[in-house]
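Take a look at the structure below.
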Amino acid sequence: MNLPVRLAPDTRARFTAAEFLRMGEAGAFEGMKVELVAGELERMNPPMSPHAASQASILIRLARVADETLVRGEVGIALTNDTVVACDAALLVAPVTEHRLLRPADLRLVVEVSETTQARDLSLKRLLYAAAGIPTYWVVDGARAVVHIHAEPIDGDYADIRTVRFGAPLPVPGTDAQVTLG
């Protein structure tokens with residue numbers, strides 16, 4: 001007779017950033033967009049066409065006002081030993097030439113284009129980026145035609161949070177320049 005199996009209270013597999021990267025290099029996530037948050041894998045929705053157009057527009061605008069070697073799109077960031085996420089656009093402090101994930105100290109600005117992920121971008125990702133000390137975080141909300149600006153990370157959240165309508169100037173961190181989105 002078979003006996004019922006009793007599982008330990010927490011049977012989820014947890015991974016480190018290094019394990020996550022090895023799995024990706026081995027092809028474990030082929031055809032998927034996956035992030036590692038607090039040791040757990042999270043499958044992301046594939047970007048849709050309007051998302052890609054918004055992302056390209058942001059990258060072009062940033063490259064026009066900042067050194068283009070400092071602008072990155074769709075890049076992975078190792079926030080902690082067990083959290084690796086991807087952002088839609090980033091502005092670096094200095095060029096990164098080696099083949100590796102970005103680290104929080106590499107970043108001046110992280111941008112998320114928020115179509116279907118707004119709740120996650122304004123809560124979980126905001127807190128992850130703030131806790132990692134990323135100086136400025138933009139969430140581009142095309143449905144409402146606004147950009148949510150988060151700056152001054154303090155104690156795991158941003159102290160300066162404001163919303164700017166599309167068409168209004170956005171100061172680009174680390175430059176004297178501004179861009180407009182929308």
Work out which heavy atom in [X] is nearest to a heavy atom in [Y]; give both atom names and the distance.
X	Y	value
Ile77	Val110	CD1-CG2, 4.0 Å
Ser54	Val113	CB-CG1, 3.8 Å
Leu79	Ala132	CD2-CB, 3.8 Å
Ala86	Tyr129	O-OH, 3.8 Å
Pro153	Pro135	CD-O, 3.6 Å

**OP:** Determine, stepwise, if the pair Ile58 / Asp88 fulfils side-chain contact (heavy atoms from CB on, under 4.5 Å).
**Re:** CA-CA 9 Å; Ile58 292 163; Asp88 294 313; over 6 Å; no

N/O donor-acceptor pairs under 3.5 Å from side chains in residues 163-176, not counting sequence neighbours:
residue	atom	partner	partner atom	Å
Thr163	OG1	His148	ND1	3.3
Thr175	OG1	Val172	O	2.8
Thr175	OG1	Ala177	N	3.0

side-chain hydrogen bond (donor to acceptor under 3.5 Å, both in side chains) against [X], all qualifying residues, sequence neighbours excluded:
X	answer
Thr83	Thr80
Arg64	none
Tyr137	none
Arg162	Asp160

Subject >> Phe29-Phe20 aromatic ring centre distance below 6.0 Å >> reply: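 That pair passes the under 6.0 Å test.
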
**OP:** State which residues pass ring pair (Phe, Tyr, Trp, His ring centres under 6.0 Å) with Phe15; sequence neighbours excluded, sorted by chain then number.
**Re:**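 Partners of Phe15 by the ring pair (Phe, Tyr, Trp, His ring centres under 6.0 Å) criterion come out as none, since no residue qualifies.
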
Original post:
With a 4.0 Å cut-off, would you call Arg126 and Glu112 a salt bridge?
Top reply: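 Salt bridge flag = no for Glu112 with Arg126.
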
Original post:
So, Asp106 and Arg72, do they make that salt bridge, N to O below 4.0 Å?
Top reply: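 Result for this pair is no, no salt bridge flagged.
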
